[in-house]
Number of protein chains: 2
Amino acid sequence: MKKKAVINDSPVCQVRMQAISDTMSILSGKWKFHILGTLIEGSKLGFMDLLREIDGIGSKMLSKELQDLEMNHLVSRTVMDTKPITVEYAITEYGATLSPLINELAKWGIEYRQSIHGSKGV
Amino acid sequence: MKKKAVINDSPVCQVRMQAISDTMSILSGKWKFHILGTLIEGSKLGFMDLLREIDGIGSKMLSKELQDLEMNHLVSRTVMDTKPITVEYAITEYGATLSPLINELAKWGIEYRQSIHGSKGV
DNA sequence: GAAAGTACTTTCCAAAAGGAAACTACCCTA
DNA sequence: TAGGGTAGTTTCCTTTTGGAAAGTACTTTC
């Protein structure tokens, strides 16, 4: 009995799956989308600003996630030579290409909430 | 010295952030997007089919993730009364509303790969 | 009646993720 | 010179995640 050739294991599909894995590995963790979302809304924020803006995050996580995002060129880090030195974090032009994705994420989440409340068991 | 009112903590923004958290918590884990992506491509697959299709997943994870997705009405599970009983997993109509999101995810990942190869350091 | 296929579940373990609190280091103001 | 603000880092700990392997249960085929 031959094993049925289930679906599409064509290159396009494998590339697609790989692409999804790539995106998710770059944006993994509990806080990446929050940080990016915050920086997309209010460009140029300091470390303490982000710590205050993003509800629940601690300095360790914020620091680590910002480093990840910077490494992937999604956010920029600029040390200003103000007197108590400050650092400006901002979304890069490249990071801004995530806007459509983040919008889809938000849109789906909003519709999800509505579907829970507005229906009798989906 | 008054604390600067950093950005938009208007209800819309909080709702948006909450929505992103909701979506991500439903789609958390290493395999959800793979499973959904696979079921969107080839509707109606058995447990063993999925196990073979999704490279690297084990039966424990597949089982657990399918239960999660079923609980959230994103996939359906139908026990067929064939002789060695088989189970058909399929994406629900509701689960299909994730297609645009998954497409964005894939699209961004593909462009990401291109940006790595095609540029001199972004 | 043994093997193999369906669909899982259970156990046991290792690694990764994440959080609280304390600590560094530097500067300014009072 | 003590307190408070900047921007983090370090330590220690718990929780979560995920994987390998074996087990369950039932059926059909050889």
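Predicted model only: the values in this text are computed from it and were never measured. Atom set for the values below is all heavy atoms of this structure, side chains included, hydrogens, waters and symmetry mates excluded.
Residue whose closest nucleotide on DNA chain C sits further toward the 5' end, between A:Pro84 and A:Gly56: A:Gly56. In this structure, A:Ser59 and A:Ile85 both approach DNA chain C, and ranking their closest nucleotides by distance from the 5' end singles out A:Ser59. Mapped onto DNA chain D by nearest heavy atom, A:Val87 and A:Lys60 fall at different nucleotides, with A:Val87 at the one closer to the 5' end.
Although no hydrogens or angles enter the test, the distance criterion places no donor-acceptor pair under 3.5 Å between the side chain of B:Thr86 and the main chain of B:Met80. A donor-acceptor contact shorter than 3.5 Å links the side chain of A:Lys32 to the backbone of A:Ser28.
In this structure, A:Arg52 atom CZ and D:dA7 atom C1' are separated by 12 Å, rounded to whole Å. If you measure from atom CE of B:Met80 to atom P of C:dT6, you get 15 Å, rounded to the nearest angstrom. In this structure, CG of B:Asp49 is placed 12 Å from P of C:dC8, rounded to the nearest angstrom. C:dC8 atom P lies 9 Å from atom CG of B:Leu62, rounded to whole Å. Residue A:Leu66 contributes atom CG, which lies 14 Å from atom C1' of D:dT9 at whole-angstrom precision. Rounded to whole Å, atom P of C:dG18 lies 16 Å from atom CG of A:Leu51. Protein atom CE of A:Met24 is 11 Å distant from nucleotide atom P of D:dG18, rounded to whole Å. When the C1' atom of C:dC8 is taken as reference, atom CG of B:Asp68 falls 15 Å away, rounded to whole Å.
Look at A:Arg77 and A:Glu88 and you find no salt bridge, because none of the NZ, NE, NH1 or NH2 atoms lies under 4.0 Å from a carboxylate O. A salt bridge does not link B:Lys30 with B:Glu65: every distance from a Lys NZ or Arg NE/NH1/NH2 to an Asp or Glu carboxylate oxygen is 4.0 Å or more.
Looking at the side chain of B:Lys83, the nearest of the listed nucleotides C:dC8, D:dT6, D:dT27 is D:dT27. The side chain of B:Glu65 has D:dG18 as its nearest neighbour among D:dT27, D:dG18, C:dG19. Side-chain proximity of B:Lys30 to the nucleotides D:dG18, D:dA7, D:dT28 is greatest for D:dG18. Residue B:Met48 places its side chain closer to C:dA7 than to any other of C:dA7, D:dG19, C:dG19.
At C:dT6, none of the side-chain N or O atoms of B:Tyr89 fall inside 4.0 Å of OP1 or OP2 (strictly under the cut-off). Contact annotation: A:Ser63 does not reach the phosphate of D:dG8 (side-chain N/O to OP1 or OP2, under 4.0 Å). Taking only side-chain nitrogens and oxygens, A:Gln67 never comes nearer than 4.0 Å to OP1 or OP2 of D:dG8. In this model, the phosphate group of C:dA7 is not approached by any side-chain N or O of B:Arg77 to a distance below 4.0 Å at OP1 or OP2.
B:Tyr112 places none of its side-chain heavy atoms less than 4.5 Å from the side chain of A:Thr23.
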